[in-house]
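Read the structure below first, then the notes.
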Amino acid sequence: MGEETHFYPLTMMPGPRVIAIHQETPKAVKEQIEKAFNLLWTDAGSCINKLRISVEEIVAHAGIARETPEGRFIPLHNRLVDLEKRGFGHHDTMLALKDIGNDGSHKAGLTLADCIDAFDVLETALEDIYGGRKARQDAIKAKFTKSRRGSTQPD
């Protein structure tokens, strides 16, 4: 019989980048994501909560106010609905990150895998929102489709 030893990090400062953050990502959004990197190994709930705060920063950067003109706080869910009405996109992604972020604040039991999944979803959204990924892909698909429209050859 052999013996195996497995090591698991409990903390890392600074935390390694789990995802790429597009260079055009606003500083306030980036700062929250970097805080999440630092918390990944220490506290999954806090890590995911920082990703929720990054969603709040994305919404604020898109021009949705955090407060009414009278100074009353507007819940993130309501701000996301306003953002969707403006055609911003990524409504489902932002809602999912908000919801799991709420779980990070109020429930125990989130896992490293939950964090990695949340980072993955956020990375795709950042690449599209700040890097124009979807627009580039749509242009490529249109080019491919256009070049085949005149073809009489079956697939």
Side-chain angles (χ1 to χ4, degrees), residues 8-146 149:
Y8 180 82
L10 297 177
T11 187
M12 288 187 220
M13 290 299 274
R17 288 179 169 254
V18 179
I19 61 170
I21 302 173
H22 192 275
Q23 65 187 13
E24 297 299 320
T25 301
K27 182 179 178 184
V29 175
K30 183 179 177 182
E31 286 173 351
Q32 294 304 318
I33 298 168
E34 289 172 343
K35 287 178 183 179
F37 293 156
N38 294 337
L39 292 164
L40 177 63
W41 308 102
T42 307
D43 185 344
S46 296
C47 170
I48 288 179
N49 183 263
K50 292 300 180 193
L51 296 182
R52 182 195 186 281
I53 296 170
S54 75
V55 169
E56 292 204 31
E57 296 297 343
I58 291 168
V59 172
H61 186 263
I64 305 294
R66 297 175 198 256
E67 298 178 344
T68 66
E70 298 80 31
R72 294 183 59 192
F73 175 75
I74 302 170
L76 179 57
H77 185 87
N78 296 2
R79 289 181 274 153
L80 288 171
V81 169
D82 287 346
L83 192 62
E84 179 184 30
K85 289 177 184 174
R86 294 183 186 187
F88 184 78
H90 301 283
H91 183 71
D92 292 344
T93 298
M94 298 295 124
L95 277 178
L97 291 169
K98 174 196 71 84
D99 289 344
I100 193 153
N102 288 348
D103 288 349
S105 295
H106 304 293
K107 295 181 182 177
L110 292 174
T111 66
L112 177 65
D114 294 328
C115 294
I116 299 300
D117 288 344
F119 274 118
D120 189 37
V121 168
L122 180 60
E123 180 179 34
T124 301
L126 293 175
E127 181 60 34
D128 187 30
I129 294 166
Y130 301 113
R133 181 180 185 180
K134 185 177 182 324
R136 286 192 315 273
Q137 289 181 344
D138 287 349
I140 292 167
K141 288 185 278 187
K143 178 179 77 171
F144 290 165
T145 304
K146 182 179 180 180
R149 282 189 189 132

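Computed from a predicted model, the values in this text were never measured in an experiment.
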**Prompt:** Which pairs, with at least one residue in residues 113-125 and sequence neighbours excluded, count as a side chain to side chain donor-acceptor pair (under 3.5 Å)?
**Reply:**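 Pairs touching residues 113-125 that pass the test: Thr111-Asp114.
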**Request:** Please confirm whether the backbone N or O of Leu51 pairs with a side-chain atom of Ser54, one donor and one acceptor, at under 3.5 Å?
**Result:**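 Answer holds: yes.
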**Asked** Which of these passes side-chain hydrogen bond (donor to acceptor under 3.5 Å, both in side chains) with Asp128: His90, His22, Arg133, Arg136?
**Response**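 Checked His90, His22, Arg133, Arg136 against Asp128; only one passes side-chain hydrogen bond (donor to acceptor under 3.5 Å, both in side chains): His90.
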Spacing of [atom1] belonging to [X] relative to [atom2] belonging to [Y], to within rounding of 0.5 Å:
{"X": "Ser46", "Y": "Ile53", "atom1": "OG", "atom2": "CD1", "answer": "9.5 Å"}
{"X": "Asn102", "Y": "Leu76", "atom1": "CG", "atom2": "CG", "answer": "8.0 Å"}
{"X": "Asp92", "Y": "Leu80", "atom1": "CG", "atom2": "CG", "answer": "10.5 Å"}
{"X": "Thr25", "Y": "Glu57", "atom1": "OG1", "atom2": "CD", "answer": "12.5 Å"}

**Item:** Check ion pair Glu67-Arg79 (N to O, under 4.0 angstrom)
**Value:**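 No salt bridge links Glu67 with Arg79.
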Could you check if a side-chain atom of [X] sits within less than 4.5 angstrom of a side-chain atom of [Y], using non-hydrogen atoms only?
{"X": "Leu95", "Y": "His77", "value": "yes"}
{"X": "Leu126", "Y": "Ile58", "value": "yes"}
{"X": "Leu83", "Y": "His91", "value": "no"}

Which pair of heavy atoms, one from [X] and one from [Y], lies closest together, and at what distance?
{"X": "Ile100", "Y": "Ile48", "result": "O-CG2, 3.3 Å"}
{"X": "Tyr130", "Y": "Glu24", "result": "O-CB, 3.5 Å"}
{"X": "Ala125", "Y": "Thr93", "result": "CB-CG2, 3.9 Å"}

**Prompt:** Between Asp82 and Val59, does a side chain to side chain contact (heavy atoms under 4.5 Å, CB included) hold up when you go through it step by step?
**Reply:** CA-CA 10 Å; Asp82 287 346; Val59 172; over 6 Å; no
**Asked** Please walk me through it: do Asp138 and Lys141 pass salt bridge (charged side-chain N to carboxylate O under 4.0 Å, His left out)?
**Response** CA-CA 5 Å; Asp138 287 349; Lys141 288 185 278 187; 3.4 Å; yes
**Message:** Applying side chain to side chain contact (heavy atoms under 4.5 Å, CB included) to Met94 and Ile129, what does each step give before you reach the verdict?
**Reply:** CA-CA 12 Å; Met94 298 295 124; Ile129 294 166; 4.0 Å; yes
Please list every donor-acceptor pair under 3.5 Å in which a side-chain atom of residues 27-41 meets a protein atom from a residue at least two apart or in another chain.
residue	atom	partner	partner atom	Å
Glu34	OE2	Arg17	NH2	3.1
Asn38	OD1	Gly15	N	2.5

